[in-house]
A.B. asks: 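Sending over a structure as structure tokens; questions will come in a sec.
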Amino acid sequence: RAGFDRYIGMEDFTLTKDEYDPVWGVYDDVSLTKANQEFRRMKEPFLALWFSLSSHAPFNLPKWWVHRYSASVQNGELKNTILYSDYSLSKFFEAARKEKYFDRTIFVIIADHSAGTGYTGVRERFWIPCFIYAPGYSHGILSPRRVDSVGNQLDILPTLLDLVGISAAHHAFGRSLFDTSASPRVAMLDNIPLYGWVRDRLLLIADSQKPLTLYDYVTDPSEKQNLIGERKAEAESMARELFSFVQVSKALILDNRLFPPHLPLQAPRG
């Protein structure tokens, strides 16, 4: 359904007992070694997705891995897993640098959600890292920088199109992280039964019917001061954007109308 030509799963590996986690699957360093082997054989241009299984509760790791943090340390098991995933990525890039595809590839490393304890507010639970590494684009648009504007996972596709200079219709709901136009940047936080809607420096929390709270997360990162009373018009505007986003996106998915633009349009159900 996602349009990939080939899927590689655990059944495609020859594994020893210490090369996979019985809860989730193949450990990161093993699967990344396989990924590099596959990328080496692929005809360019190609799009590939590797999914990490190690950095997820219950945070099982290979027996040979030395744990730096004890279980008594807050988020200790998570920290050990992050160190292991970092090692696995380092091992992958060390091998990938020797391959022909390396300098012609854009690597995106992103989380699907946050983890751990000690959050000070809703926004922190959805605050994830995204690293873009493009060895062959070491100047110009991808010079070393930190992007602090609002972004979300839906922005990845338009950002990649922007980086390679492709101007084309696409079915992503996001926009390039390098888009400097004046229109507000937004992100949705899907936390059923509540939703979050970020617009620039404001965070709206709503249920499926109405806005509940509004925070300025820059001046109030712990989300202690509800501004919904004094900024009612902004809250209602953000709620309309949020509800429209939810309604349109879910309708397109349920009607199977979310597809690449070169395919023929399908009539909606009913």
A.B. asks: For the residue pair Asp179 and Asp162, establish whether any side-chain heavy-atom pair is separated by less than 4.5 Å.
C.D. replies: no
A.B. asks: Could you pull out all residues at least two apart from Ser55 that satisfy side-chain hydrogen bond (donor to acceptor under 3.5 Å, both in side chains)?
C.D. replies: Ser52
A.B. asks: Could you walk me through whether Gln74 and Thr117 pass the side chain to side chain donor-acceptor pair (under 3.5 Å) test, one step at a time?
C.D. replies: CA-CA 8 Å; Gln74 184 180 24; Thr117 58; 3.1 Å; yes
A.B. asks: Checking Ser54 against Asp21 for the side chain to side chain donor-acceptor pair (under 3.5 Å) test, could you report, in this order, the C-alpha distance in whole Å, the side-chain angles of both residues, the deciding distance, and whether it holds?
C.D. replies: CA-CA 8 Å; Ser54 299; Asp21 168 14; over 6 Å; no
A.B. asks: For the CZ atom of Arg125 and the CG atom of Leu189, what is their distance to the nearest 0.5 Å?
C.D. replies: 9.5 Å
A.B. asks: Once salt bridge (charged side-chain N to carboxylate O under 4.0 Å, His left out) is applied, do any residues pair with Arg68, and if so which ones, sequence neighbours excluded?
C.D. replies: none
A.B. asks: Can you tell me how far CG of Leu161 sits from CZ of Arg175, rounded to the nearest 0.5 angstrom?
C.D. replies: 15.0 Å
A.B. asks: At what distance, to the nearest 0.5 angstrom, does SG of Cys130 lie from CG of Asp155?
C.D. replies: 9.0 Å
A.B. asks: Show the nearest heavy-atom pair for residues Ala206 and Leu242, with the distance to one decimal.
C.D. replies: CB-CD2, 3.9 Å
A.B. asks: Search all heavy atoms of Arg123 against all heavy atoms of Glu223 and return the closest pair with its distance.
C.D. replies: N-OE2, 3.0 Å
A.B. asks: With no hydrogens and no angle check, just 3.5 Å: does a side-chain donor-acceptor pair link Tyr20 and Asn60?
C.D. replies: no
A.B. asks: When you compare the side chain of Met42 with that of Tyr101, does any pair of heavy atoms fall below 4.5 Å?
C.D. replies: no
A.B. asks: Got a sec: does the CD of Gln37 have more than 12 other heavy atoms crowding it under 6.0 Å?
C.D. replies: yes
A.B. asks: Is it the case that over 12 heavy atoms from other parts of the model lie below 6.0 angstrom from the NZ atom of Lys232?
C.D. replies: no
A.B. asks: Do Arg199 and Glu241 come within less than 4.5 Å of each other through their side chains, counting heavy atoms only?
C.D. replies: yes
A.B. asks: Using the rule side-chain contact (heavy atoms from CB on, under 4.5 Å), only one of Asp28, Leu32, Asp29 pairs with Leu89; which is it?
C.D. replies: Leu32
A.B. asks: Take atom CD in Gln247; do more than 12 heavy atoms of anything else shown fall under 6.0 Å from it?
C.D. replies: no
A.B. asks: Apply the test side chain to side chain donor-acceptor pair (under 3.5 Å) to residues Thr16 and Asp18: give CA-CA distance (whole Å), side-chain angles for both, the deciding distance (0.1 Å), then the verdict.
C.D. replies: CA-CA 5 Å; Thr16 66; Asp18 198 37; over 6 Å; no
A.B. asks: Any heavy-atom pair between the side chains of Thr213 and Leu204 that's under 4.5 Å?
C.D. replies: no
A.B. asks: Of all the heavy-atom pairs spanning Thr120 and Pro221, show the shortest one and how long it is.
C.D. replies: OG1-O, 3.9 Å
A.B. asks: Is any side-chain heavy atom of Pro211 less than 4.5 Å from a side-chain heavy atom of Ile228?
C.D. replies: yes
A.B. asks: What distance separates Leu227 CG from Thr219 OG1, expressed to the nearest 0.5 Å?
C.D. replies: 7.0 Å
A.B. asks: To the nearest 0.5 Å, what is the distance between CZ on Phe59 and OH on Tyr84?
C.D. replies: 14.5 Å
A.B. asks: Are Phe178 and Ile106 linked, directly or through intermediate hydrophobic residues, by side-chain heavy-atom contacts shorter than 4.5 Å (ILVMFWY only)?
C.D. replies: yes
A.B. asks: Are Arg6 and Glu38 packed together at the side-chain level, in the sense that at least one heavy-atom pair is separated by less than 4.5 angstrom?
C.D. replies: yes
A.B. asks: I need the full list of ring pair (Phe, Tyr, Trp, His ring centres under 6.0 Å) pairs touching residues 197-222, with sequence neighbours left out, sorted by first then second residue.
C.D. replies: Trp197-Phe245
A.B. asks: Of all residues at least two apart in sequence or in a different chain, which pass the side-chain hydrogen bond (donor to acceptor under 3.5 Å, both in side chains) check with Lys210?
C.D. replies: Asp207
A.B. asks: Strictly by ring pair (Phe, Tyr, Trp, His ring centres under 6.0 Å), give each pair with a member in residues 109-132 just once, sequence neighbours left out.
C.D. replies: His56-His113
A.B. asks: Which residues satisfy the salt bridge (charged side-chain N to carboxylate O under 4.0 Å, His left out) test with Arg201, sequence neighbours excluded?
C.D. replies: Asp216
A.B. asks: Minimum heavy-atom separation for Asp220 and Gln225, please, with both atom names.
C.D. replies: OD2-N, 2.8 Å
A.B. asks: Is any NZ, NE, NH1 or NH2 atom of the basic residue among Glu94 and Arg97 found under 4.0 Å from an Asp or Glu carboxylate oxygen of the other?
C.D. replies: no
A.B. asks: Anything under 30° is parallel, anything over 60° is perpendicular, the rest tilted; go ahead and classify Tyr87 against Trp65.
C.D. replies: tilted
A.B. asks: Fit a plane to each ring of Phe39 and Phe92, take the angle between them on a 0 to 90° scale, and name the class: parallel (under 30°), tilted (30 to 60°) or perpendicular (over 60°).
C.D. replies: perpendicular
A.B. asks: Under 4.5 Å between side-chain heavy atoms, counting indirect links through other Ile/Leu/Val/Met/Phe/Trp/Tyr residues: same cluster for Phe51 and Tyr27 or not?
C.D. replies: no
